[in-house]
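Read the structure below first, then the notes.
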Amino acid sequence: QVQLVESGGGLVQTGGSLRVSCAASGRTFRNYAAGWFRQAPGKEHEFVAAIGWSGDSTDYADSVKDRFTISRDNAKNTVYLQMNSLKPEDTAVYYCAAKYGLRRVSSGIPFDYWGQGTQVTVSS
């Protein structure tokens, strides 16, 4: 079992930046791929980004490519999502997810473990 706790959400103006974090505990997180998803009110759960356990494979949704960066610090059991040039349509609850053993990642991975989410609100 892996427990995931997101933090760092908040309110930011359009064009601003925010970094959300996902702290993992329970197992050796360095063996897990990780991902970020989001869900806005009235909309479906949406893939945002993913990173393999070694950090050398990443994938992004087209809507965030070139604005968001996923990274990880395995020594701290933490995954980050740096969000730049934020837009009102980025407003959502952001969830962290994990799956054991994947080095290469893509948007279609069925993640097994999920955090509770952190709210990101971008004001216009």
Side-chain angles (χ1 to χ4, degrees):
Q1 285 277 14
V2 172
Q3 291 79 43
L4 304 172
V5 179
E6 301 94 337
S7 62
L11 175 64
V12 63
Q13 291 185 335
T14 296
S17 298
L18 202 62
R19 188 179 78 164
V20 290
S21 302
C22 172
S25 61
R27 286 293 183 97
T28 307
F29 192 57
R30 67 172 64 91
N31 295 326
Y32 287 74
W36 286 96
F37 291 74
R38 66 187 182 187
Q39 188 164 22
K43 294 190 176 182
E44 292 187 354
H45 204 235
E46 177 187 24
F47 169 79
V48 176
I51 187 167
W53 61 260
S54 67
D56 58 359
S57 173
T58 58
D59 193 23
Y60 296 90
D62 287 343
S63 59
V64 307
K65 205 168 289 184
D66 299 326
R67 298 189 299 123
F68 290 11
T69 302
I70 189 171
S71 62
R72 65 190 301 157
D73 185 340
N74 285 339
K76 296 182 178 180
N77 287 344
T78 302
V79 174
Y80 305 98
L81 184 69
Q82 177 67 44
M83 302 181 288
N84 299 328
S85 302
L86 282 160
K87 306 174 182 180
E89 50 264 43
D90 295 318
T91 294
V93 177
Y94 283 71
Y95 298 91
C96 178
K99 184 172 181 65
Y100 179 79
L102 292 181
R103 180 169 183 174
R104 300 205 61 79
V105 294
S106 68
S107 62
I109 292 172
F111 286 89
D112 298 317
Y113 302 98
W114 295 85
Q116 295 299 307
T118 185
Q119 176 71 47
V120 173
T121 303
V122 185
S123 62
S124 56

- Item | Option among Asp90, Leu18, Val12 that satisfies the side chain to side chain contact (heavy atoms under 4.5 Å, CB included) test with Met83 |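 Answer after filtering Asp90, Leu18, Val12: Leu18.
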- side chain to side chain contact (heavy atoms under 4.5 Å, CB included) partner of Val20, the single match among Trp36, Phe68, Tyr80: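 That would be Trp36.
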- Going by heavy atoms in the side chains, are Thr91 and Gln119 under 4.5 Å from each other?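 Thr91 vs Gln119: side chains touch.
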- Item | Check: Glu46 and Ser63 side chains under 4.5 Å, non-hydrogen atoms |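 When only atoms from C-beta onward are counted, Glu46 and Ser63 do touch, with a gap below 4.5 Å.
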Would you kindly confirm whether [X] and [Y] end up in one hydrophobic cluster when ILVMFWY residues are joined by side chain heavy atoms under 4.5 Å apart?
| X | Y | answer |
| --- | --- | --- |
| Tyr32 | Leu4 | yes |
| Leu86 | Phe37 | no |
| Ile51 | Val48 | yes |
| Val120 | Phe47 | no |

Any chance you could measure [X], atom [atom1], to [Y], atom [atom2], to the nearest 0.5 Å?
| X | Y | atom1 | atom2 | value |
| --- | --- | --- | --- | --- |
| Leu81 | Thr118 | CG | OG1 | 11.0 Å |
| Gln82 | Ser21 | CD | OG | 9.5 Å |
| Ser124 | Gln13 | OG | CD | 9.5 Å |

- Message: Surrounding CG of Asp56 (heavy atoms of other residues, nucleotides or ligands, distance under 6.0 Å), is the total greater than 12?
- Response: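 Yes, enclosed.
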- Under 6.0 Å from the NZ atom of Lys65, do we count more than 12 heavy atoms belonging to anything else shown?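 Result for NZ/Lys65: enclosed.
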Heavy-atom pair of closest approach, residues [X] and [Y]:
| X | Y | value |
| --- | --- | --- |
| Gly117 | Val93 | CA-CG1, 3.8 Å |
| Ala34 | Val79 | CB-CG2, 3.6 Å |
| Ala40 | Ala92 | N-CB, 3.8 Å |
| Phe29 | Arg72 | O-NH2, 3.0 Å |

- Message: Going by ring-ring contact (aromatic ring centres under 6.0 Å, His included), name the residues that satisfy it together with Tyr94, two or more places apart in sequence or in a different chain.
- Response: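 In terms of ring-ring contact (aromatic ring centres under 6.0 Å, His included), with neighbours along the sequence ignored, Tyr94 is linked to no residue.
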Let me check something: any side-chain donor-acceptor pairs from residues 104-116 under 3.5 Å, sequence neighbours excluded? List them with distances.
| unit_1 | atom_1 | unit_2 | atom_2 | d |
| --- | --- | --- | --- | --- |
| Asp112 | OD2 | Lys99 | NZ | 3.1 |
| Trp114 | NE1 | Phe111 | O | 3.4 |

Donor-acceptor check, side chain of [X] to backbone of [Y], threshold 3.5 angstrom: yes or no?
| X | Y | value |
| --- | --- | --- |
| Thr14 | Ser123 | yes |
| Arg67 | Ser85 | yes |
| Asn74 | Trp53 | yes |

